[in-house]
Amino acid sequence: MGALGIRVLGPLEVVVGGAPVAVGAGQQRIVLECLALRANSIVTPDFLAEAIWADNPPAKPGPQLQVYIATLRRLLEPERPKGVTSQRLASRSGGYVLTLKEDELDLLRFREEVAAGGQAVQDGNLLEGADCLRQAVQLFRGPAFPDLADMEVFRPELDELEESRLDVYQDLIEIDLTLGRHRALVGELLSLVALNPYRERLWASLVLALYRSDRQADALAACRDARRVFADELGIDPGPRLRGLEQSVLQQDPSLAAPALEGRRRIRQRVDNLPSELTPLVGRETELGELCSLFVDEGCRLITITGSGGTGKTRLALAAAGRLTPQMADGACWVNLAPLTQDRQVPAAIANALGLEDWAGVDPIKSVTRFLRSRRLLMVLDNFEHLEEAWPVVVDMLTAAPDLWILTTSRRPLGLRAEYEYELEPLALPPLDPPLPPLILQSVPAVKLFLTRGRTVRPRLNVNGDNAAVVTRLCRRLDGLPLAIELAAAQLRYRSESELLNELEVSFAALPAAFRDLPDRQRTLTATIAWSYGLLDEAERQLFDRLGVFAADPTVTAVSSICGSSPAEDAVAEDLLTVLSRHSLLRRYVDSKRTERISMLQTIREFARDRLESYVDALTVRRRHAEYYLSVAEVVSPHLWAPGQVDAFHALHADAPDLRGAFLWAAGPGGSTELALRLVGELWHYWELTGDVAEQCEIALKLISNTPTASPALRAPALSGTATLCWMLGRNDDATDLHHRALKAFEAAGNDQGVAWSTACLAVQASERDDNVSAERLASEALSLPLASPRTRICALIVLSLVAYYSGDIDKALALRRESAALARQVGDRWILAIALTNLAECMEQIGDYPGAERLLLEAISGAQDLGGQGQIAGFLEQLADAYVEMRRTELAIRVLAAVDAYRKERGLPLFPAEQRHLESVMAKARTQAGTVPFALAWAAGQELTLTQVLNEVLRDKPQGSEQDPSSPQQSSAAPEQPTTQHLSAAPWASPIGK
């Protein structure tokens with residue numbers, strides 16, 4: 001050591017200027033050892049005080065501690081002039097720092113020698129590595145930090161240091177064995193095993209040293225002694241390494257012989273043939289950490305990364321191998337299996353990758369296992385999916401080489417007991433609602449990759465307020481699939497983000513091959529999926545093709561019913577789904593309602609849909625699809641009017657894409673007009689609840705026009721439902737005409753409930769035209785019909801209340817609206833209850849009770865939100881904004897109005913003229929209250945909000961107790977499913993559910 005030397009790896013010694021110095025009393029020594037243990041780091045006074053005095057500190061430990069520090073400064077820097085600040089033992093914010101170099105503290109030198117030795121071994125220089133490790137071990141002159149040994153606070157650090165010393169000692173012994181020093185090691189190893197009987201590595205080294213010293217019997221005796229120690233004292237068997245070594249000794253395996261040497265370097269070189277990383281790994285930091293942890297912390301030896309084509313399995317495996325290689329004494333071997341066409345080619349490919357050139361004439365798997373037996377190595381087998389019958393090769397290697405780790409990539413697992421499957425999902429996607437601000441959006445993994453790869457062709461590409469929504473939709477359209485994202489980003493050289501999205505919405509064919517250096521199977525998405533498709537047998541391909549009929553995530557029941565033509569085929573379909581899942585072509589999962597479903601990436605679904613187009617029985621599959629989802633609608637839709645409507649709505653919503661697909665096919669060329677009419681009659685109320693009706697309305701109108709001769713029983717529900725859709729879109733004349741036609745059809749079909757419902761709907765249309773005389777007459781007529789359903793009666797009561805309200809009879813209107821709300825509560829239909837409550841709230845506003853109106857509206861909104869029907873919520877929010885203006889909560893009112901305005905424009909949902917005039921007066925009042933500039937700012941902010949976001953603002957801002965209906969103090973929307981009276985069915989023309 002230099003001018004200053006501190007030795008703590010044994011009895012404490014301090015050398016200053018070449019001469020030893022006495023440190024002093026025990027507490028002084030503790031302070032120095034604490035500072036040395038954490039050299040070059042801040043040590044707090046509180047920690048030092050705890051170490052010195054434990055649980056019995058003096059009343060004021062600070063002064064005494066300062067004395068110890070001052071004494072140490074004089075001891076360590078005897079020539080430091082008075083008044084000069086100590087640099088050796090410096091005061092820092094929060095404590096003290098003892099600054100030392102590696103040659104001044106044996107602990108630091110130990111760490112330096114260990115690092116240098118490890119690097120030398122990695123470089124293949126065993127002699128230099130052994131010298132470094134030997135010097136590291138020899139630095140220990142006894143138990144380290146003896147004055148701290150009995151203190152519990154230091155136990156973890158000192159135990160870790162002792163473990164490190166023993167690990168280095170074991171590493172040194174194994175290097176010496178490799179260098180042929182086995183005879184000299186036997187005595188040393190016998191002593192070490194006696195002192196450390198539970199260290200399997202030491203026992204293994206002893207057995208090897210004895211065997212190489214021509215003492216086979218003693219080697220076997222050592223194996224028996226080890227087994228006895230582990231069994232008697234620990235209750236466990238020796239590990240696979242020691243058991244395998246005993247078997248090799250019995251067989252006199254040639255691999256146990258000392259390796260040949262050549263000068264200072266060993267002939268056995270590290271394997272290191274990992275491909276270079278051409279692009280950075282983006283968005284997979286979590287997955288990379290998890291994968292490496294499975295090897296390092298969980299003890300896995302065989303891990304298979306599975307996932308759909310294009311998820312980045314190979315790229316993740318390469319990054320994991322790069323991170324794990326430094327821990328593997330013999331390096332890492334990369335084996336590319338993609339070019340192989342036969343299982344029997346796998347052993348030779350592995351042998352070639354390992355650099356085994358002398359296996360000609362020998363079974364290559366024997367050569368491989370002999371090579372791997374004593375090595376600690378990571379092997380990556382890339383693209384295993386088409387060679388799965390080569391799995392015995394993997395088992396043979398794992399069995400022969402206890403220190404071998406294998407990482408495979410495959411679109412399906414190998415199915416071995418030792419295997420851990422790591423399923424790689426696509427990159428995390430940004431949500432559509434609520435949208436993320438650009439700063440957060442660019443950190444989402446899928447977006448991050450899109451930007452990274454896009455900047456290679458457009459360096460200034462970024463996310464901002466103008467393109468954030470488009471980039472979000474792009475990444476979602478691409479399923480978060482890394483290959484798809486990279487191919488899409490390459491197209492930004494020629495297209496804007498919006499242009500690219502528009503093309504992708506039509507087809508993924510907009511992503512041509514972009515990179516010449518990719519394998520053929522990865523140059524396009526179609527080629528990637530076709531590679532997996534080619535691995536299927538005929539039955540599996542047939543089911544996969546039929547899955548192209550689905551638009552979203554069907555239930556397993558739906559798949560079995562549609563894709564199988566008999567009960568026997570249904571069972572086969574179930575088995576084939578499992579096979580397709582193993583190929584990573586789909587994923588099976590259980591949804592929140594405990595229903596098993598399957599999910600396919602959009603890219604894979606489009607491939608299947610293209611395959612279905614050429615399928616000889618495609619028409620039959622599409623008809624069965626439409627028939628199945630009609631049966632779903634027929635079973636579930638009646639519950640939309642009853643207490644179970646929340647579950648019914650979510651059940652239909654879960655299958656909404658396939659319900660739409662069934663409707664589009666049935667109403668289109670080559671479809672079935674009968675199925676289409678029945679679907680309209682079953683689904684119109686679901687569409688009404690969602691508020692998304694424009695497309696369905698147009699198709700339904702054409703359908704009705706083209707089916708004038710359909711039976712009245714079939715046409716009547718479709719006519720009535722289409723009339724409601726027209727009414728929602730502001731097409732009142734069409735709605736009135738269709739309701740008249742529905743009335744006649746219901747009469748012809750003998751459906752009295754339908755007649756009553758159509759009469760009530762005509763009353764609504766008359767009210768919309770300000771024809772109060774006709775409205776009152778029709779509503780009263782509907783009420784008088786004995787078979788009018790509860791929903792019909794509520795609708796008629798609301799119309800009568802509107803007539804009374806607009807004629808100035810507020811008391812009568814209030815009474816009628818309370819009656820309608822009470823009946824709606826009995827029915828348990830949140831939809832009709834919400835309408836009744838908003839009408840009641842209008843009366844509360846009229847009499848000046850704005851807090852009461854707010855409570856009613858919030859109850860209506862809460863019920864509609866539970867139901868998931870956004871079609872209602874827009875109008876409710878507008879009415880709530882009116883109350884806010886009256887209560888001078890102006891800014892929130894403006895934001896609400898602006899958000900709803902944006903929602904209406906996006907969905908094409910107009911206001912009726914009277915509603916528009918009223919809303920304009922509310923906005924004018926809000927503008928007056930706020931002022932022109934604040935109004936404009938609040939309006940602009942509200943226009944950026946989705947309906948969900950502004951709804952959350954409203955619910956956060958609601959006053960305490962706002963859920964309670966002031967007109968009915970015993971009722972609350974908190975439990976709408978448990979009214980005080982028996983539930984009734986509110987369905988306008990169906991029989992009560994369960995009766």
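Residue Thr690 comes nearest to Tyr903 through the heavy atom pair O-OH, 3.9 Å, listed as atom of the first residue, atom of the second, then distance. Here the shortest heavy-atom pairing between Ser443 and Ile440 reads OG-O, 2.7 Å. Closest of all the heavy-atom pairs between Pro554 and Val559 is CG-CG2, 3.7 Å. Phe544 approaches Ala608 most closely through the heavy-atom pair O-CB, 3.5 Å. Across all non-hydrogen atoms, the minimal contact from Pro438 to Gly465 is CG-N, 3.9 Å. The two atoms that bring Ala488 and Leu478 nearest to each other are CB-CD1, 3.6 Å, heavy atoms only.
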**Request:** Kindly determine whether Leu337 and Asp382 satisfy side chain to side chain contact (heavy atoms under 4.5 Å, CB included), including the steps that lead there.
**Result:** CA-CA 6 Å; Leu337 301 177; Asp382 189 34; over 6 Å; no
**Request:** Test Glu606 against Arg477 for salt bridge (charged side-chain N to carboxylate O under 4.0 Å, His left out), laying out the working first.
**Result:** CA-CA 12 Å; Glu606 184 173 304; Arg477 174 61 177 151; 3.4 Å; yes
**Message:** Before you tell me yes or no, could you show the steps for Glu486 and Arg453 under side chain to side chain contact (heavy atoms under 4.5 Å, CB included), namely the whole-Å CA-CA distance, both residues' side-chain angles and the distance that decides it to 0.1 Å?
**Reply:** CA-CA 6 Å; Glu486 293 197 9; Arg453 301 301 295 147; 3.7 Å; yes
**Message:** Would Arg597 and Arg588 count as a side chain to side chain contact (heavy atoms under 4.5 Å, CB included) here? Give the steps.
**Reply:** CA-CA 6 Å; Arg597 292 182 177 270; Arg588 300 179 69 156; over 6 Å; no
**Request:** Decide side chain to side chain donor-acceptor pair (under 3.5 Å) for Glu423 and Thr306; before the verdict, give the C-alpha distance in whole Å, the side-chain angles of both, and the deciding distance to 0.1 Å.
**Result:** CA-CA 5 Å; Glu423 185 175 359; Thr306 62; 5.4 Å; no
**Prompt:** What do the steps show when you test Val444 against Leu436 for side chain to side chain contact (heavy atoms under 4.5 Å, CB included), and what is the final call?
**Reply:** CA-CA 10 Å; Val444 175; Leu436 298 178; 3.7 Å; yes
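By the 6.0 Å and 45° rule, Arg587 stacks over the aromatic ring of Tyr589. Stacking of Arg541 on the aromatic ring of Tyr533 is recorded, both the 6.0 Å distance cut-off and the 45° axial limit being met.
Ion pairing of Glu385 with Arg412 is absent here, as no side-chain N (NZ or NE/NH1/NH2) approaches a carboxylate O to less than 4.0 Å. Salt-bridge annotation for Glu287 and Arg284: present, with a side-chain N of the basic residue lying under 4.0 Å from a carboxylate O of the acidic one. At a threshold of 4.0 Å, the pair Glu505-Arg476 does not count as salt-bridged, since none of the basic side-chain nitrogens sits closer than that to a carboxylate oxygen. Taking 4.0 Å as the cut-off between side-chain N and carboxylate O, Glu497 and Arg458 count as a salt-bridged pair.
At distances below 3.5 Å, at least one donor-acceptor pair connects side-chain atoms of Arg624 with backbone N or O atoms of Ser561. Asn467 contributes no side-chain N or O that, together with a main-chain N or O of Val463, makes up a donor-acceptor pair within less than 3.5 Å. Counting only distance, with no hydrogens or angles, the side chain of His386 and the backbone of Leu340 share a donor-acceptor pair below 3.5 Å. Between the side chain of Glu419 and the backbone N or O of Leu302 there is no donor-acceptor pair closer than 3.5 Å. Glu698 contributes no side-chain N or O that, together with a main-chain N or O of Glu695, makes up a donor-acceptor pair within less than 3.5 Å. In this structure a side-chain-to-backbone donor-acceptor pair under 3.5 Å is present from Asp537 to Ala539. A donor-acceptor contact shorter than 3.5 Å links the side chain of Gln943 to the backbone of Ala898. Side chain of Lys313 to backbone of Arg411: no donor-acceptor contact under 3.5 angstrom is found. Without hydrogens or angle criteria, Asp692 side chain to Trp687 main chain gives no donor-acceptor distance under 3.5 Å. Of the possible polar contacts, none joining the Asp655 side chain to the His650 backbone as a donor-acceptor pair under 3.5 Å is found.
Side chains of Tyr628 and Asp658: no donor on one and acceptor on the other come within 3.5 Å. Judged purely by distance below 3.5 Å, without hydrogens or angles, the side chains of Asp617 and Thr620 pair a donor atom with an acceptor atom.
In this structure, Leu474 and Phe450 have side chains that are in contact, with non-hydrogen atoms separated by less than 4.5 Å. Inter-residue side-chain proximity for Thr304 and Thr409 is flagged as unmet; no heavy-atom pair is nearer than 4.5 Å. Between Thr408 and Met379 the shortest side-chain heavy-atom distance does not fall below 4.5 Å. For the pair Val636/Tyr686, no side-chain contact is recorded, criterion being any heavy-atom separation below 4.5 Å from C-beta on. The shortest distance between side-chain heavy atoms of Ser637 and Leu652 falls below 4.5 Å. The closest side-chain heavy-atom distance from Met600 to Leu585 is not below 4.5 Å. Residues Arg582 and Glu388 are in side-chain contact: their nearest non-hydrogen atoms beyond the backbone lie under 4.5 Å apart. At least one side-chain heavy atom of Leu955 sits less than 4.5 Å from a side-chain heavy atom of Gln865.
To the nearest 0.5 angstrom, Leu536 atom CG is 9.5 Å from Leu543 atom CG. Between the CD1 atom in Ile604 and the OG atom in Ser532 there is a gap of 7.0 Å [rounded to 0.5 Å]. Atom-to-atom distance recorded for Ile406:CD1 and Ile303:CD1 is 11.0 Å, nearest 0.5 angstrom. Distance check, rounded to the nearest 0.5 Å: CG of Leu439 to CG of Asn464 gives 12.5 Å. Atom CD of Glu290 sits about 12.0 Å away from atom CG of Asp297, to the nearest 0.5 Å. In this structure, the separation between CZ on Phe550 and CG on Leu547 is 6.5 Å, given to the nearest 0.5 Å.
Separation of the Tyr629 and Trp665 ring centroids does not fall under the 6.0 Å cut-off.
Within a 6.0 Å radius of CD in Glu944, no more than 12 heavy atoms belonging to other residues, nucleotides or ligands are found. The local environment of CZ in Arg473 is sparse, with at most 12 non-hydrogen atoms from other residues, nucleotides or ligands closer than 6.0 Å.
When each of Asp553, Asp545, Asp610 is paired with Arg605, the salt bridge (charged side-chain N to carboxylate O under 4.0 Å, His left out) condition holds for Asp553 and for no other.
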